[in-house]
Amino acid sequence: MTSLDSPAIKKNMSVSVIMFTVVFALIPALIAQIGFFGLQILGNLIIGISFALILEAVCLKLRHYPIKPFLKDGSAFLTAWLLIISIPSSTPIWVMLVGLFFSIVISKHAYGGIGSNPFNPAMIGYAVLLISFPKIMTNWPSAEYFDFNNFLNFSQLFSMFTSLDVVDGIVSATPLDEIKTALFLGEPIKNSFSFFDQFNAYQIMSIFYLIGGLYLMIKKIITWHLPVSLILSIFLFSFILHQINPDVFMPSLFHLMNGATFLAAFFIITDPVSSPTTLNGKIIFGVMVGLITVIIRNFGGYPDGIAFAVIFMNIFVPLIEKFTQPKVFGYE
Amino acid sequence: MIKDQFHDGMWKQNAGLIQLLGLCPTLAVTVNITNGFALGVATIFVMILSNISISPIRQFVPESARVPIFILVIAGLVTIVDLSINALSKPLYDALGIFIPLIVTNCIVLARVEAFASKNPILPSFYDGLFMGLGLTLVLIILGAMREMIGNGTLFQNLHFLIGDDYKFLTIQLFNSDHGFLLAALPPGAFIALSSLILFMNWINQKQKK
């Protein structure tokens, strides 16, 4: 006889279990990132997350909250993780710490701590860094192929300490950067470079984010509404633009596979605090984030606009929730 | 009396931090000390002149038509300041741009005329304009210094627009401006800097109460 759980009883997961399941789902993409860009990202994570936890503890102390239970919920851990994997691993350490400060202190604790923050903390940190240090933030190290030696090159682990300035190295533009530059120079995109000859680092990482996201869906940490509506929205709007003028606007698949599309769809806009809670609201939110992202990518000044789109739509979450309240059963 | 007015203008009723009047120039032009200082001085000038020109006519202004009359007087004075700055320092005029004519709509000027000069004799009105303006200028300078230091890594940039090209050496380079914290120089930085100043001020006031 095996004892079975009653199928109708929903297991209540604590916040910390949810947060660490999300981190677990991010690990495949992290392994891909190390394979392409080197171990530096791991060092960044260790330093950055420790700093974020210290900041969180200091803020809790100042606000007279119990430190241990709030640290254990893992929200600062996850925020720091999301911010650090979004910025280039060659970022100088002080820039990373500035971003974490804005994520944890300004966008979370100044607004009243976890549960009260209207904006996605990781995206606030990212947006602050992107508009403050555009040169550093677009310096992705070049990654030609997946190299297993990268896992053994421990000298890279703490190389962000070697120089306070940008680490000199071979840098290359991300595919979205190249498109933006080509558009700016007025070259037709098809001649500027070929994008499906081989999978590049960003596309491989996107696939791993997709896998991690599907795992979260199976685990029922996230519902399908937000990711699917965002992905479909980006697909649809970039498809329309591509049909209008294929010389200027990239096809849908390009927009899905490059940039932060899958990372945002499964890990960023699914933040339970700053995204809508109603199901219809989630769909509206995802579609609008996708629309704004496509607009920024194709017409705006920045190569990828998901961070701005998420922050922008965060403002509208109370409004969206007000108009999508489900009817209570039994009432008109 | 003067002492009270001084304390009101500089601290207790500070235009920038307590009354939160005149936020438009406070937030928009304070990218460096020079801009903040120049606009502050222009505002002091307008405030003193408008206070002392409205105070004597306060008995003759009909209650119902007072705002258009006040605004007309202020607008005339601002035009004088606008044209004078244009004549004295063209680069500064270009840097401050639309914000000099906008002193007309700056609520701090109308607020002091309405709240003080239209009820008090000339001399107190003069001091009110002076001290309220000085308080605002101080806030503008501090904000400008904060944003210039963090955003650009310099201090007293463009000061030679005000006092002549011989004084270019006054600009202090604190660090390499390649990696300045651009956010401070952008509009969000203005809001964050101003709110930190208000935070600091409230903190001091709270401490004094205890």
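No more than 12 heavy atoms of other residues, nucleotides or ligands lie within 6.0 Å of OH in A:Tyr65, so this atom counts as exposed by the packing criterion. Atom CZ of B:Phe70 has more than 12 heavy atoms from other residues, nucleotides or ligands within 6.0 Å. Annotation: A:Tyr302, atom OH; neighbour count of heavy atoms from other residues, nucleotides and ligands within 6.0 Å is above 12. Atom CZ of A:Phe51 sits in a crowded spot, with more than 12 heavy atoms from other residues, nucleotides or ligands closer than 6.0 Å.
When all heavy atoms of B:Leu182 and A:Pro134 are compared, the pair lying nearest together is CD1-CD, 3.9 Å.
Atom CG in A:Leu129 sits 9.5 Å away from atom CG in B:Leu183 (nearest 0.5 Å).
Looking at A:Val98, only its side chain comes within 4.5 Å of chain B, counting heavy atoms on both sides.
Remark: side-chain polar atoms of A:Ser132 are not paired, donor with acceptor, to backbone N or O of B:Phe181 under 3.5 angstrom.
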